[in-house]
Amino acid sequence: MTTSTAIAHPNIAFIKYWGNRDERLRLPANGSISMNLDGLFTRTQVAFDSHLDGDKLILNDASAPDETLQRVRTILDEVRRLSGVTHFARVESRNNFPSGVGIASSASAFAALSLAASAAAGLELSEAHLSRLARLGSGSACRSVPAGFVEWLLGTGDLDSYAVSIASPDHWKLIDCVAVISREHKITGSTEGHRLAATSPLQEPRVADAPRRLDLCRQAILARDFDALARVVELDSHLMHAVMMTSTPALLYWEPATLTVMHAVRAWRGNGLPVCYTIDAGPNVHVLCEAAISEQIAARLNTIDGVQEVLVAGPGGPAHLEA
Ligand code: DP6
């Protein structure tokens, strides 16, 4: 029996993944770009064990629901297929950030699981292969495998749809100040949301324009051009939420305080502060700025009614094995 432990960070998408062209393989409708979030992580331990009579999953010290175990099995089955290992596995996973603050843990969780499981089975997968493996559990997880600023390539199929690093974590001291607005569990998760994307008449134009936005975002990151990044990041977030709001049934993730923060950020920018926002499938607002003003921005966010707490994270490293 061999045990391996891996650590991976969640990520925040600057250009969003929304909708799949192949649901089972999680092949996305469009490419996406994100930044790993330093300081926040999932640590996952995997052991293949001949004494087990089934795969076991412990999440934050509690046994996990069947649906989650099923997704974890997708990764374990693929690792067994690749390695020839036939034993069941015990998986123990823990986040260092409280669950229910609206920071999606599926990205860091499936990235850490893919690395820990493949190492425990004796595999040494390339970064691209590891990213493809993580993608099968959760699309955004493929972006938590490489370091820093990351692009998930659209690809033509399973073999070439994976994420690559476009800049290292120390390339740009960009900070994500997460204004936590609700700790409630979201009503419609992203897996269900991806299924609804195609019902919106706005999904097709959003997807058709994605290559242009990806270029703008990649160039803004490489040039450390905050104003250019702010323009494309807010546009992309608004486009995704427009698709969500015009799906059948419609998805509306914003709370009143979400809008309050959006207006505040726009007003600050109007007054000359380089700051912008992006919002995932929930009410929290990810407020981006450079490190020089991040304390000031976090302090301002903390004074807004309806903001429960502010988490602050810079660019994070790759998924890695614990020594
Ligand atoms: C809005 O990767 O969580 O955060 O593949 O079903 O696990 P599954 O979906 P997931 O979707 C992420 C959606 C998003 C945008 C993004 O991170 O790109």
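We count ligands from 1, going down the list as the structure has it; atoms in each ligand are counted the same way. One is the number of the first residue; the rest follow in order along the sequence.
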Atoms of ligand 1 close to [X] [distance to a heavy atom under 4.0 angstrom, numbered from 1]:
X: Ser106; result: 3 (O)
X: Ala281; result: 1 (C)
X: Thr191; result: 6 (O), 7 (O), 8 (P)
X: Ala13; result: 16 (C), 17 (O), 18 (O)
X: Ser138; result: 2 (O), 3 (O), 5 (O), 7 (O), 8 (P), 10 (P)

Does [X], backbone or side chain, put an N or O under 3.5 Å from an N or O of ligand 1?
X: Ala141; result: no
X: Trp18; result: no
X: His194; result: yes
X: Ser32; result: no
X: Ser140; result: yes

Applying a strict 4.0 Å limit to heavy atoms, is Arg71 in contact with ligand 1?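 Contact present.
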So is Met240 touching ligand 1 or not, going by heavy atoms under 4.0 Å? yes
So, [X] versus [Y]: side-chain donor-acceptor pair below 3.5 Å or not?
X: Glu290; Y: Trp172; result: yes
X: Thr42; Y: Ser108; result: yes
X: Lys16; Y: Thr278; result: yes

is_close_aromatic(His129, Tyr162), centroid dist under 6.0 Å: no
By ring-ring contact (aromatic ring centres under 6.0 Å, His included), which residues pair with Trp254, not counting sequence neighbours? His241
Taking the six-membered ring of Trp268, is NZ or CZ of Arg300 closer than 6.0 Å to its centre and within 45° of its axis? yes
With sequence neighbours excluded, residues passing salt bridge (charged side-chain N to carboxylate O under 4.0 Å, His left out) with Arg26: none
Can you name the nearest heavy-atom pair linking Ala111 to Ala134, along with the distance? CA-CB, 4.1 Å
